[in-house]
Protein chains: 2
Amino acid sequence: MEELEEYLIQNFDVSKNEIDNVLEKFQLIEIKKNEYLLRSGDICEYIYFVVSGCLRTFFYNSEGFDSTRYIAFENNFIGPLHSFIQQIPSNENISAVEQSKVLRISHRDFKEGMNSIPVIKDLYIQFLEKAYIMNYWRIETFLSLDAKERYVYLFNNNKLMIKRLPNKILASFIGIAPESLSRIKSKI
Amino acid sequence: MEELEEYLIQNFDVSKNEIDNVLEKFQLIEIKKNEYLLRSGDICEYIYFVVSGCLRTFFYNSEGFDSTRYIAFENNFIGPLHSFIQQIPSNENISAVEQSKVLRISHRDFKEGMNSIPVIKDLYIQFLEKAYIMNYWRIETFLSLDAKERYVYLFNNNKLMIKRLPNKILASFIGIAPESLSRIKSKI
DNA sequence: TAAAAACATTAACATTAGTTAATAAATTAA
DNA sequence: TTAATTTATTAACTAATGTTAATGTTTTTA
């Protein structure tokens, strides 16, 4: 749990006591590469904090290929919020890109914490703000850049993704076919 | 202000007194079609609640065309959050698609309200959650749909946009050239 | 209300990205 | 460690979208 504790200390003005209250609501889970934490159609019961490894959320598009909507490396939260908040079925899957350790908090504990532990509300706000900013630049790249430019953008701004994601997932995150990504890389 | 009052009553468990405290932080502004509330490069000082009309946020892409990131009709908030939160220059503009009336709250009053008026925090969370869900499906359409499918998606799910936005802005929201949108419409 | 400006449509052509298929390389499992 | 499986690359071809330019339509302004 030290990773989440460290994360809280770094990001919030929070007392030792409050940290303990938060931490006790989380539970450590290990997951092997390619295993699922959530399948589309199911209700998202947990939000996850990535301690080590890498997870992604993705869905299957009309042609049956998968599209990666979000990637979380260490020290980031992941979970399809609309499903979690409203407790309705998710159209996304969560799975492990690498073998990972995650801390999960249930919807029940989260709701309870939102009322009883002030820092959880702040944590949630920060999570939403981070998601907002990530989604913001994501939409911007789709609106204004072509496939090659989107790859170059990631190359310049997100070395971690370039380094740790296989071609296939990188392509599905950029929104192009893996063959197109190969072509793009060969021409740079 | 009745519109915002109504909105608060509808969406939050909030007392008359609290509503008054919130409302007094807002200021009514009128804006003519095509006028700007924010220009890229400036720091976003206000978040706006649309009372009537329609606003959009957009930026200029590398070829000098504009891309529309977000559209707000009546009873929705608008503002580039990353600029507002962090008080850093925005790369987006806000302008009026139609002649509009908006209520604005300053960053200063917002920050103050976040600490002193509980419902403002909830309002902010709901704003972030709404933005999350909107951005979520937006990214999904870019990842999994081609231009024609994105138009059809809007046609089925957002009649208001189809009805009230000119072709040019609709195309810039879908991420295609206006000529392409004309072609798509003629083939449906 | 007429003229000007902005916007929308259409068509021909150019470019980008998707598709298919074959092969090579890397990873996983026996 | 080898065989099997998955992933990555390449090339030829196809389909979709962008670009340019001409024309028609609508909106704005004088």
Side-chain angles (χ1 to χ4, degrees), chain A residues 31-36 53-54 56 58 60-68 71 93 95-100 141-155 161-188, chain B residues 31-36 53-54 56 58 60-68 71 93 95-100 141-155 161-188:
Chain A
I31 176 177
K32 294 203 188 99
K33 187 173 171 176
N34 292 326
E35 280 183 352
Y36 285 70
C54 176
R56 68 172 180 138
F58 67 98
Y60 294 102
N61 62 33
S62 42
E63 284 91 34
F65 298 116
D66 61 88
S67 298
T68 299
I71 295 283
N93 309 277
S95 78
V97 177
E98 306 168 357
Q99 173 159 356
S100 305
T141 63
F142 280 119
L143 279 172
S144 64
L145 306 179
D146 64 22
K148 183 182 174 177
E149 292 168 326
R150 294 205 294 279
Y151 175 74
V152 171
Y153 183 93
L154 269 196
F155 193 88
M161 284 198 182
I162 301 287
K163 194 183 290 177
R164 280 168 64 177
L165 297 181
N167 201 60
K168 199 186 169 185
I169 291 179
L170 205 51
S172 95
F173 182 79
I174 293 175
I176 59 176
E179 296 89 345
S180 298
L181 183 52
S182 280
R183 172 168 45 200
I184 285 165
K185 288 199 291 183
S186 75
K187 281 185 193 161
I188 283 179
Chain B
I31 176 178
K32 294 204 188 96
K33 187 172 173 178
N34 292 325
E35 281 184 351
Y36 286 69
C54 174
R56 68 172 181 140
F58 67 97
Y60 294 102
N61 63 31
S62 42
E63 285 91 33
F65 299 116
D66 61 271
S67 297
T68 299
I71 295 283
N93 309 278
S95 79
V97 177
E98 306 168 355
Q99 173 160 353
S100 305
T141 62
F142 280 119
L143 280 172
S144 65
L145 306 179
D146 64 21
K148 183 182 175 177
E149 291 168 326
R150 293 205 293 280
Y151 175 73
V152 171
Y153 183 92
L154 270 197
F155 193 88
M161 284 198 183
I162 301 287
K163 194 182 291 177
R164 280 169 64 178
L165 298 181
N167 200 62
K168 198 187 169 185
I169 291 180
L170 205 51
S172 95
F173 182 80
I174 293 175
I176 59 177
E179 295 88 347
S180 298
L181 183 52
S182 280
R183 172 167 45 201
I184 285 165
K185 289 199 291 183
S186 75
K187 282 186 191 161
I188 284 180

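In the text below, chain A, chain B and the rest are named by the order of the sequence lines, each starting its count at 1.
- Residue whose closest nucleotide on DNA chain D sits further toward the 5' end, between Ser180(A) and Lys187(B): Ser180(A).
- Side-chain contact between Ser95(B) and Asn34(B) is absent, with no heavy atoms from C-beta onward closer than 4.5 Å.
- Spacing between atom CZ of Arg183(B) and atom C1' of dT10(C) amounts to 10 Å, rounded to whole angstrom units.
- Bracketed by its first and final contacts, the part of DNA chain D lying under 4.0 Å from non-hydrogen atoms of chain A reaches from dT7(D) to dT10(D) in 5' to 3' order.
- Using a 4.5 Å heavy-atom cutoff, the side chains of Met161(A) and Leu170(A) are in contact.
- Counting heavy atoms from C-beta outward, Tyr153(B) and Ile174(B) have side chains that stay 4.5 Å or more apart.
- Here dC13(C) presents its P atom at 17 Å from CD of Glu179(B), a figure rounded to the nearest Å.
- Of the two residues contacting DNA chain D, namely Asn34(A) and Arg150(B), the nearest-nucleotide position lying further toward the 5' end is that of Asn34(A).
- Taking atom CD1 on Ile169(A) and atom P on dT27(C), their separation rounds to 14 Å, with Å as the unit.
- Distance NZ (Lys32(A)) to C1' (dT27(C)): 17 Å, rounded to an integer number of Å.
- Close to dT27(C), at under 4.0 Å from its OP1 or OP2, lies no side-chain N or O of Lys33(A).
- Across Thr68(A) and Leu143(B), no two heavy atoms sit closer than the pair O-CD1, 3.4 Å.
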Give the table of side-chain donor-acceptor pairs shorter than 3.5 Å for residues 176-188 of chain B, with sequence neighbours excluded, one pair per line with atom names and distance.
{"from": "Lys185(B)", "atom 1": "NZ", "to": "Asn167(B)", "atom 2": "OD1", "distance (Å)": "2.9"}
{"from": "Ser186(B)", "atom 1": "OG", "to": "Arg183(B)", "atom 2": "O", "distance (Å)": "2.8"}

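- Note on the helix from dT1(C)-dA30(D) to dA30(C)-dT1(D): terminal axis deviation equals 60°, with five pairs used at each end and the result rounded to 10°.
- A straight line from CZ of Arg164(B) to P of dC7(C) spans 18 Å, rounded to a whole angstrom.
- In this structure, Gln99(A) atom CD and dT27(C) atom C1' are separated by 15 Å, rounded to whole Å.
- For the pair Ile184(A) CD1 and dT15(C) P, the interatomic distance rounds to 17 Å; values are reported in whole Å.
- Contact annotation for Pro166(A): backbone-only contact, meaning every heavy-atom pair under 4.0 Å involves sugar-phosphate atoms and none involves a base.
- In this structure, Ser67(B) contributes its side chain and Asn61(B) its backbone to no donor-acceptor pair below 3.5 Å.
- Listed for the Arg150(B) side chain is no donor-acceptor partner under 3.5 Å among the backbone atoms of Thr141(B).
- Counting only heavy atoms from C-beta outward, the side chains of Arg56(B) and Ser172(B) approach each other to under 4.5 Å.
- The phosphate of dT9(C) (OP1 or OP2) has a side-chain N or O of Lys185(B) nearer than 4.0 angstrom.
- Between the side chain of Asn93(B) and the main chain of Phe58(B), a donor-acceptor pair closer than 3.5 Å is present.
- Distance NZ (Lys168(B)) to P (dA6(C)): 9 Å, rounded to an integer number of Å.
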